[in-house]
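Data block below; observations after.
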Amino acid sequence: LLIQYYASADDDEVHVEMRTDLPRGAFFLHKGGCMEFLSPAVQAVIENVDRRDKECARALESRSSLISEMRMISVGGKKDLMRLSDTETEMHVRRLLKYSAKLTKKLRFFCGVEKANDILNEKFNSFLLSKDFDGARLNTSADIGGNGAGAWYVYDLMGVISLVHLSRTDTVDEHGICYRKLQFFSFGVGDLYSKKHDDDSDEESSNEEPLSDVTLFAEKVMKVHSLNFSRSAWLFFRLSQQENCQTMNPSDFRYCLKYCTETIIAKSFVLPIPDQSNMLLQHLLDSILSPVHAINGYFYFNHDPSEDNQFVDQAIKFALKDKETKRSEQVGIDDDEDECSNTICESFCESIDGVDESDLSQAPSSFCESFDGIDECDISPFGDDPPLFISLFLDGQPFSKKLLSRLCKNRSCQLTAGVTTFGQSVIFRSDPAGIIQALPLLHAAVALSLRTKLASFTASQTLERLRHLGPALTSQELRVAMTCVFETNSVARAECQFDWHENSFWSHDDFLSALWRELTSGRFVKVKQASNRTEVLYITEDPRNKIDKTESLPYWAFLFFRTSHMSIYIHHPLGISEATDASTNISLIIYKACTRVNQLSLLEELHRNRTTNPLLISYSKTDCLKPVSKNEHINESW
């Protein structure tokens, strides 16, 4: 049957006439009374065409209304007052669903963790309403078309309109996985002439396969939701109280890790001595990390999120400054290549350096050497806001308190630490600048802070082991000990300025040589030379407790001879407080030694000039009240 349409428009209405092709081949105008002369089949076709025309007009009106609603929401401002009501929105959505092809996806959510689901739902909403898409959220959350209550969105995908619905209902499958239905109802303009399940619909119009643009849109939403799942788990742990973190389902956390990659940031050795080393390591980790109770071996950064910027600034600047400080302090350590090849020194340097650079790719030709000089666009190659979980493994097994006590009871273990990001990371250099360039800023700050703490812990353990070997240490062992002293954070530093009395018989070098002889004589303190090629001494006996005779060193105290002063570095097994007290006592001993050298110098001057310096004369109390000129000398005959 062939139908011709004749349309005309007046000021206030539109007239449509239809002419049908009857078997005689003539077209007749279809108007009210003429219908009775047509066959029943022709009448049914004309009535159906008329109905579908009217329904199509209403569907086009609903489509235009939702598109206008979407445009007004995206523009914002005063036009928000013209938005559709809940009832109008539901009517338009319900009408258009009859013409749409449906695509259903399952979005994974957290099982039984409402706070984490709220974070994830907020991220889902923020992504769909981002500027990447031409769409908006509709002003209704009702159950429309039996799809359940939930959020409704409308999108214009290159002329194809898609109504997106996220259900509020959590469904748990037989594997204990929680998900919510995400449905895409899509249609083009040509789809509005026939409902999907009309009996008279042609095969093409009733096709329910989603369009390619909608499929690509759904795949992108699913991919971003998986990344947001990992982000939401991390934010949940950081924002929740410690006791609430135990509610995370282990399968949910494993799913979170599925979309993360781990980058190794540090390797350290945990020695079997002393017994309290386990407690020290646990206390060190607790100062910056909290465990993820879902599975062993994973931790999260436990600082207040509002203080992240301050933490990043302090951690990175400290790491860069500390690196330069250690370089300047280690000038006194012997750099002989034969000693550097020693096994003890090499193994320790690997443990405190974090990542073995032999396993890394060749470094690029240029690196940023300071925090201020690193371009921020080069810092985060893994997407915005990746989750920050820290993995710890002992000899390849997930870290736990029980495993630490069991493995480290009789032998050393290797502790490996890593951080999670999105995408593959390669740290070309294991110094602070290389880590800052390879990781996002917060990840880099946590990595540097953790590396510093682990290096300090490893150095303290190594010093404790070497301390029990006693004074008879080899030059290689002493080199390792000096390196460890610079790495540990529980070291007391002090500087003793040389108070040298200048005269015409002793040069400054003579004064230093005499001071060296006085200190190595054992008159003031028992010391030994740390290396034959450097002017470094270490103390072998506590000057405050000479009665307690043990084979072990009382503590580590290195004396570095400089041109104008002596640098003192002390690491005490009882902590920084005891080390500070020891440094004060040793400083007094150095001043006494300087006084004696000055006295020897003055005696030599007396012997040669037969002139007594006022510093050698013991005055009475009455004489002490009289002022004495700085250049005054008393001549005496011999």
Side-chain angles (χ1 to χ4, degrees), residues 274 276 280 325-326 329-333 456 459-473 477-478 480-501 511-531 534-601 615:
Q276 64 269 26
L280 295 175
T325 301
K326 289 174 181 177
E329 288 177 342
Q330 290 178 330
V331 173
I333 301 180
S456 176
S460 298
Q461 278 201 312
T462 304
L463 288 173
E464 187 66 10
R465 179 176 65 86
L466 294 176
R467 186 176 70 86
H468 290 292
L469 297 180
L473 295 168
E477 290 169 338
L478 286 170
V480 172
M482 284 188 284
T483 304
C484 291
V485 165
F486 293 124
E487 288 293 339
T488 181
N489 290 332
S490 58
V491 59
R493 296 173 171 86
E495 285 189 0
C496 292
Q497 297 295 329
F498 293 147
D499 186 13
W500 172 45
H501 178 72
F511 173 82
L512 293 178
S513 299
L515 181 59
W516 176 271
R517 289 192 300 269
E518 288 296 323
L519 290 176
T520 56
S521 67
R523 179 179 290 106
F524 297 95
V525 62
K526 297 293 184 181
V527 297
K528 282 190 174 182
Q529 189 172 357
S531 174
T534 57
E535 296 178 341
V536 181
L537 301 176
Y538 70 99
I539 295 177
T540 61
E541 183 182 285
D542 189 354
R544 296 176 298 179
N545 187 13
K546 298 182 179 181
I547 300 177
D548 185 14
K549 301 293 184 179
T550 61
E551 295 183 357
S552 302
L553 297 175
Y555 48 79
W556 286 103
F558 287 99
L559 311 179
F560 286 79
F561 270 76
R562 310 300 187 191
T563 304
S564 60
H565 65 279
M566 180 176 291
S567 299
I568 303 173
Y569 297 88
I570 297 181
H571 172 77
H572 202 288
L574 298 181
I576 188 66
S577 178
E578 292 291 333
T580 303
D581 293 341
S583 67
T584 302
N585 184 56
I586 294 177
S587 297
L588 294 176
I589 293 175
I590 301 300
Y591 286 131
K592 290 181 180 179
C594 290
T595 301
R596 176 173 172 79
V597 172
N598 279 323
Q599 289 174 344
L600 292 176
S601 172
L615 296 176

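None of these values were measured; they are calculated from a predicted model.
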Donor-acceptor contact below 3.5 Å, side chain Ser601 vs main chain Val597: no
Thr520 OG1 to Leu515 CG distance, which is reported to the nearest 0.5 Å: 9.0 Å
Pairs satisfying salt bridge (Lys or Arg N to Asp or Glu O under 4.0 Å), at least one member in residues 589-598, at least two apart: Glu518-Arg596
Trp516 side, atom CH2; Leu559 side, atom CG - distance, nearest 0.5 Å: 9.0 Å
Partner set under side chain to side chain donor-acceptor pair (under 3.5 Å) for Ser490, not counting sequence neighbours: Thr488, His571
Non-hydrogen atoms of Arg562 and Ser567 that approach each other most closely: NE-OG, 3.7 Å
Approximate separation, where rounding is to 0.5 Å, of Ser521 OG and Leu519 CG: 7.5 Å
Residue pair Leu537, Gln529: steps toward the side chain to side chain contact (heavy atoms under 4.5 Å, CB included) verdict: CA-CA 4 Å; Leu537 301 176; Gln529 189 172 357; 4.2 Å; yes
Spatial distance of atom CG (Leu553) from atom NE2 (His468) [nearest 0.5 Å]: 9.5 Å
Parallel, tilted or perpendicular, as decided by the 30° and 60° cut-offs, for the rings of Phe498 and Phe511: perpendicular
CD1-CD1 distance between Ile568 and Ile539, expressed to the nearest 0.5 angstrom: 7.5 Å
ring-ring contact (aromatic ring centres under 6.0 Å, His included) partner of Phe558, the single match among Phe561, Trp556, Tyr555: Trp556
From CG (Leu463) to CE (Met482), nearest 0.5 Å: 11.5 Å
